[in-house]
Every structure is written in structure tokens, then in C-alpha cells.
Amino acid sequence: MQITICLLVFLFMVVSFSMNKIPMALTSMIGMLVLVISGCVDSKTALGNIGSNTVITMIAMFVIAAGLNRTQMVHHLSKMVYKVTKGSFTKVLAGYVLVTFALGQFIPSITALFALVCPLVVSMCEEMDISPSKMMYSIGLVAVAGSFTITPIGPYAASFIEDNGYLTEYGITDYAFTMFTEMSIKVPVVLFVLVWAIFFAPKFAPDKPVMPIKSTEGRKRAQREPLGPVQEVLGYAVFAIVIVCLIFQSFGLPSWVIPTVGACVLVFSGVLSEKEAIDNMGLDIIMLYVGVVTLGSAFGNTGAGELVGDTVAGLLSVTHNSYIIGAIFFIAAFVMTSVLYNRAVSKILIPLVILTAMSMNCDPRGLMEMCYIGSMCSVLTPMATSVVPMMMGAGGYDQKALLKMGWIPSIVMAVIAVGVGMTLYPCY
């Protein structure tokens, strides 16, 4: 009976994530409550997931990223682009591509990232008498597929701790992620995206909008007074110190201690107000994570995980080729993201990957990365992420133009990700 309940909760979460009619965090919490009430997992385990080291670290890193964004970093970057790149289309495009990439290492929302950069690009296009259709796809591509954190910085600098949390929850102790695991796979993909966005994407972009250009409803940054000199320095310093400490594992301290100290310093010093800190804790992402790992506990407790893993492993038993298996999961994530929200896709597939790897007795790390990267490389349809319809509106693209601009980079990104990822982290 409990196996059936686990599978039904999993199905509910898949369908709800896919339809996106209710917030994904709420879906995750509903699933967790059903699992606790039905006895598939005990309340101590569920509550332990909420207060875990992983969750505290994630919350603290979101606050620290908000502190950095409260500084004048964005203003300085934009001012630099205007000063250095005026007069040359390629230089201007390169400037904003690199600014988008740089900001993407610090801003956890790709929607907020695109909304921040888009008005700057539109203003530059107007000043240079260039159609936004020649630039906007490059900016959107980099925001979605080129700016997912590849360096050990930003709000997701501790994402490897989240991945290890998934592995631990499913009882996997032979393999672990480090801060540089994702970086080692993503660097080649992102380098390709940057080069394509600057030098090749404009050649495939329409010279004029094929659809009426719509104004982008960006998240307008509140007009706030600049920080004082001490707070401005602290915004940068706290961020830098926390990242260095995470790289060296906080000198033997638990992973959550240093980021939490940093977050407290930001509030105490006035870089962030208490309300700003609370608003930027990323609680929707936290609740989504907690529900998914609780489902993992239930899968392990009831035997449902073994059933699911054995089923998928049986389908893949015809091959032990890491590249083929990795390509299957990458393509699955990519295709699903073309019709579903990208964050939902990765959360749906990660438990499936881990359970399959357990049944196949293989390394799950490369396969997990294929799901993450595959879900962030699809910009072929407006259903993939909210950035795509924003990009289509700002650039005047229709679906045909989107496919024309996107099919070649999509194929190349897949080849690079699978080739590099499954070489560095093969299944066997």
C-alpha cells in the first residue's frame, strides 16, 4: 500500500510541476504532507530535512547574493560597457553578452537577470539605430544557457551541497560532488554559448522583427539610495570571504556556519534590512528541495525506489556505454523542457536518475549533470522558461524564427555536454 502511495505522490508531483497551475513549492509541500500522514516517512525525517545543513547553507547563500546585488556592481558594469564599446556592433553585443554572463553568476533568477539587462540593450539599440532583433536572442541565450553558474561563486556556489544532500538521502555514500564538479562540465558548454552568442547568433537572427515588439515587463529595481562606503565594501567583502571559506570547506566547520555568519553580518551592518534578507531567502526553492528529498526518503523506506530504479535500469540494460546513457538523460531533459518549465524538469528527473544509478550500481554524478544542463539548454519554445517569451517579445521573434536561431546551438551544446560530462564522470 505504501509503495502505491509513494508512486502516486511522485505522479502527482510530476503532473503538477508540468501543469504549473499551483506553485511548485506548494506542490512539494503537499506531497511531503501526504507522505508523512500516510506513514511513508516519519515526521522527524521530514522536519530534519527542513532544518538540514543543506537548507541552512542555501538560505544563507541567497541572502549573501542579495547583499552583493544591493551594491553598485550592476551600475558599474553597465557604465563600463557604454564607455568601452560604443561604435561597434560586435563590441557592443560582446559587452552585453559578457555583462549578462557575469551577472548570471550572482543573480539566482534568470528571469530577473534578463529583465535587468534587456532595457539596457534596448536603449543601446535605439542609440545605435540597430534592430533589437539582432541582439535580443544572444542575450536571452546567455541568460538561460550561458549564465548558469560555472564558477564557484554566486548564490549557487553551494549547489554541490544540495546535490550531495540528494545522494545522502538515497543512501549513496560512494560518490560525492565538489564545488568544481559542475564547473568542470559547464565551462566548455558556456564557452561555446558565449562565442556563438557574439559571433554567430546575429547571422541567424532576422534583420527586422517578424512580430511586433512588445515592451518587456521587467522587474523594476526599486529606486534606493546607494549604500554608504563602509556598507558598499562589506557587500563585496562578505561575499568574497564566504566563497573562499566554502572552497576550503570553512576550516573544518560545518558547511552552514560561515555563510550564516556572513548573512548576519550583512543585516547587522545595514547592507540589507531585515525585510530584504527575509525576502531574498529563496523559500520557494527551499520548500521545493525539502519536498523532493522527503520523497527520496519515502522511496527508500517503502521499497518504491527499488521498484522504479529496477524498471528504468531494465530499459537501459541493453547498453553500458556511458555516452549513450548520458545522452538519453540529456535528451529527455532537453525535450521535456521544451514543453515544461526547466526547474520542474530537473526536479522530476533527479530522483529517477539516482534510483536508476542505484539499480545499475553506477556513478550518478554525470547523469545528474546531464539533467541539469539539458534542462537549461532548451530555448526552442516559449514553454521552456519565462525568459523565452520575454525574449520573443523584446526581439520580435515568432516560433519559426526561434527554431531557426536555436537548432544548431542546441545540437552543439548537447554534444559538448555529453562528451565532456560522461568522460569526466562515466557511469562505470
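Note: hydrogens, waters and symmetry copies are ignored here, and every other heavy atom, side chains too, is used.
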Exam field: side chain Ser322 to backbone Met422, donor-acceptor pair closer than 3.5 Å: no
Partners meeting side chain to side chain contact (heavy atoms under 4.5 Å, CB included) with Val195 (sequence neighbours left out): Phe199, Phe200
Donor-acceptor pair, side chain of Asp163 and main chain of Phe177, under 3.5 angstrom: no
Check: Met391 main-chain N/O paired with Tyr397 side-chain donor or acceptor under 3.5 Å: no
Contacts of Val55 that satisfy side chain to side chain contact (heavy atoms under 4.5 Å, CB included) - sequence neighbours left out: Ser52, Ile59, Ile286, Tyr289, Val290
For Asp279, salt bridge (Lys or Arg N to Asp or Glu O under 4.0 Å) partners two or more places apart: Lys275
List the atom pairs, donor and acceptor, that lie under 3.5 Å between side-chain atoms in residues 400-408 and the rest of the protein, sequence neighbours left out.
none

Which residues share a side chain to side chain contact (heavy atoms under 4.5 Å, CB included) with Ile324, sequence neighbours left out: Thr319, Asn321, Ile328
Ser28 (side chain) donor-acceptor with Gly291 (main chain) under 3.5 angstrom: yes
Pairing residues for Tyr425 by the ring pair (Phe, Tyr, Trp, His ring centres under 6.0 Å) criterion, not counting sequence neighbours: none
Set of ring pair (Phe, Tyr, Trp, His ring centres under 6.0 Å) partners for Phe204, sequence neighbours left out: Trp196
Check: Ser375 main-chain N/O paired with Ser378 side-chain donor or acceptor under 3.5 Å: no
Sequence neighbours excluded - side chain to side chain donor-acceptor pair (under 3.5 Å) pairs with any residue from residues 258-273: Ser273-Glu276
Which residues share a side chain to side chain donor-acceptor pair (under 3.5 Å) with Thr4, sequence neighbours left out: none
Residues which pass side chain to side chain contact (heavy atoms under 4.5 Å, CB included) with Leu26, listed by chain and number, not counting sequence neighbours: Ile22, Pro23, Ile30
Nearest atoms (heavy-atom pairs only) where Pro188 meets Ile416: CB-CG2, 3.7 Å
Side-chain donor-acceptor pair present, Thr178, Thr181, cut-off under 3.5 Å: yes
Contacts of Tyr428 that satisfy ring pair (Phe, Tyr, Trp, His ring centres under 6.0 Å) - sequence neighbours left out: His320
Side chain to side chain donor-acceptor pair (under 3.5 Å) involving Tyr175 - partner list, sequence neighbours excluded: none
